[in-house]
Amino acid sequence: MATLYVNPQTGSDSASGTQSAPFKTIARAIARAASGTTIQLSPGTYSVGSAEQFPLEIPSGVKVLGNEANKGRGILIQGSGKFVSPTSAGQNITILLATNSQLCGVTVTNLDSRGTGVWIESTSPTVANCTFTQCKREGVFVTGTANPAILENIFVENSAAGVNTAGTAKGVIRRNIFQKTGFGISLQAQSAPLIADNQILENRSGIVLAGESKPILRKNRIEKNTEDGLTALGKSLPDIGTAQDLGGNIFLNNGELDLQNATGVKISAVGNQLNASRVKGLFDLGNVTPTPTPGGLKFSDISTHWAKDFIDRLAKMNIVSGFPNGTFQPYEIVTRAQYAAVLAKAFELVPRREATVFKDVAADFWAHGAIAQANRAGFLVGYPDSTFRPEQNLTRVQAIVSLVNGLQLAGGNPNSLSVYVDRAQIPSFATDEIATATERKIVVNYPAREKLSPARDITRGEISALIYQTLVATNRAEPINSPYIV
């Protein structure tokens, strides 16, 4: 599996595309990519100004990868080109995805008139952990016989819609955030995707169905949309829950109606949380569960985040907290000082050694006490030059080693490291600790459980998962069922 590297600031399209000699443009990498190739993007802006050619057509089997951990922040693909759709005529699009292609960890913006970020026409690609913002029409358009996986993206401030589906498209739209756009999700023609576990809030309307669309909706949170939560028009017939398979959707605080059926045909919407007085048209609601009181979610930005359960439980234990605006900001990077503060709340930091006097941690520094405690307890040490570097980002391997050493856990078998496809990247000083943490089910890897990414900076969501699993391993917390625990 080859990897081609692209850097719009330091690269050259006459280079070889290696890590030390990257290409300048994604277009050049695409021209060189065979099926199975990953195109790794460096931070920067990929635009006409950096010599990109739009639309970018990602071939079958090729993965364009930015930074999935922060949803592509700082890796912006911005531009537009003409594409003649076999089903929808001429379009202005940024990216066209072929079958089995992948677009992961980038930000996409199309400022052109009626501009679309990603176009998916009768193919089956994956779009994951990206941010779509300020597109003049929609973030993603799905049409023809397409069957994509649209997973864990952020769609914010796009003019018309976050995702628009048409044709006989199916596929899955799962664990995304749709916010502050025209329609969160718009469905037309005979499209019938599965729409599950999404957060759809503060749009003009949450979900609008037209044509003969027949989506399945499960476990979505549809909240604070200024008009309706969901509107069904034309001959659309959504499945919003049945007696055999409850919907599990939450409709809360939408401006006008939670559900509106203008089709004249009864729609099944059994097993949802909503206010029955805010429903108009023919629905089979079954036994309605009242909507939760406002503030049912402790943090407003984690309802679809993979680490939500870990974060919620730590918050209930007063180990982690959020920000004044009600957010947790799970994708923010954790500094060494911030980590020390969390350790002081999570563990009884019993002194085991004399404290180091760090020359870069003043007595009045906000985390001075927590750093001293974590240092005396053996969780954190400084550098040979007597610095602590409190504002330096914490890496994933540093966090795991810290937890294992601080709690004096031992007994790991090096063979445990075989579960990681990137085990060669584990530094030698950390192999015993990583093995120990792995065997005790402390390690939590997202999005791929088998990829440790030891050198990557750790996020607030990730550190929450690691600390919670450490509490589980030391019998201080109940286990959580997560597919990302190794």
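Of the charged side-chain nitrogens involved, none lies within less than 4.0 Å of a carboxylate oxygen, so that K24 and E52 do not count as a salt-bridged pair. Between K235 and E212 there is no salt bridge, since no side-chain N of the basic residue sits under 4.0 Å from a carboxylate O of the acidic one. Under the 4.0 Å criterion applied to side-chain N and carboxylate O atoms, D197 and K219 are not assigned as salt-bridge partners.
A donor-acceptor pair is defined here as one N or O able to donate and one able to accept, closer than 3.5 Å; such a pair exists between the side chain of T123 and the backbone of L97. Although no hydrogens or angles enter the test, the distance criterion places a donor-acceptor pair under 3.5 Å between the side chain of N261 and the main chain of L282. Side-chain atoms of Q40 come within 3.5 Å of backbone atoms of G66 as a donor-acceptor pair (strictly under, hydrogens ignored). The backbone N or O of E152 sits less than 3.5 Å from a side-chain atom of N176, completing a donor-acceptor pair. D422 places a side-chain N or O within 3.5 Å of a backbone atom of S453 that can act as its donor or acceptor partner. A donor-acceptor contact shorter than 3.5 Å is absent between the side chain of S186 and the backbone of F183. Under the 3.5 Å distance criterion, the side-chain polar atoms of T263 are left unmatched by any main-chain donor or acceptor of L233. Using a distance-only test at 3.5 Å, with no hydrogens or angles considered, no donor-acceptor pair links the side chain of T116 to the main chain of W119.
Residues A210 and S213 share a closest heavy-atom pair of O-OG, 2.9 Å. Between V108 and G117, the shortest heavy-atom contact is CG1-CA, 3.7 Å. Here the shortest heavy-atom pairing between V486 and R449 reads CG2-O, 3.5 Å.
Among residues two or more places apart in sequence or in another chain, the salt bridge (Lys or Arg N to Asp or Glu O under 4.0 Å) test is passed with D245 by R218.
E121 and S85 form a side-chain donor-acceptor contact under 3.5 Å, judged by distance and modelled atom types alone. With hydrogens and angles left out, the side-chain atoms of K180 and N203 include no donor and acceptor closer than 3.5 Å. Side-chain atoms of Q260 and D228 form a donor-acceptor pair, as typed in the model, at a separation below 3.5 Å.
The one candidate from V444, D312, V320, D309 that meets the side chain to side chain contact (heavy atoms under 4.5 Å, CB included) condition with S464 is V320. Of the residues listed (L56, I95, L4), the one engaging I26 in a side chain to side chain contact (heavy atoms under 4.5 Å, CB included) is L56, and it is the only one.
The aromatic rings of Y446 and Y484 stand perpendicular to each other, their planes meeting at an angle above 60°, with 30° marking the opposite boundary.
Y331 does not carry R460 over the face of its six-membered ring by the limits of under 6.0 Å from the centre and within 45° of the normal.
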Quick one: do D13 and T25 satisfy side-chain hydrogen bond (donor to acceptor under 3.5 Å, both in side chains)? Show the steps, please. CA-CA 7 Å; D13 279 353; T25 67; 2.7 Å; yes
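The side-chain hydrogen bond (donor to acceptor under 3.5 Å, both in side chains) analysis of residues 54-68, with sequence neighbours excluded, yields the pairs E68-N129. Applying the ring-ring contact (aromatic ring centres under 6.0 Å, His included) rule to pairs touching residues 184-241 yields nothing, sequence neighbours excluded.
A heavy-atom distance below 4.5 Å is not found between the side chains of F141 and I120.
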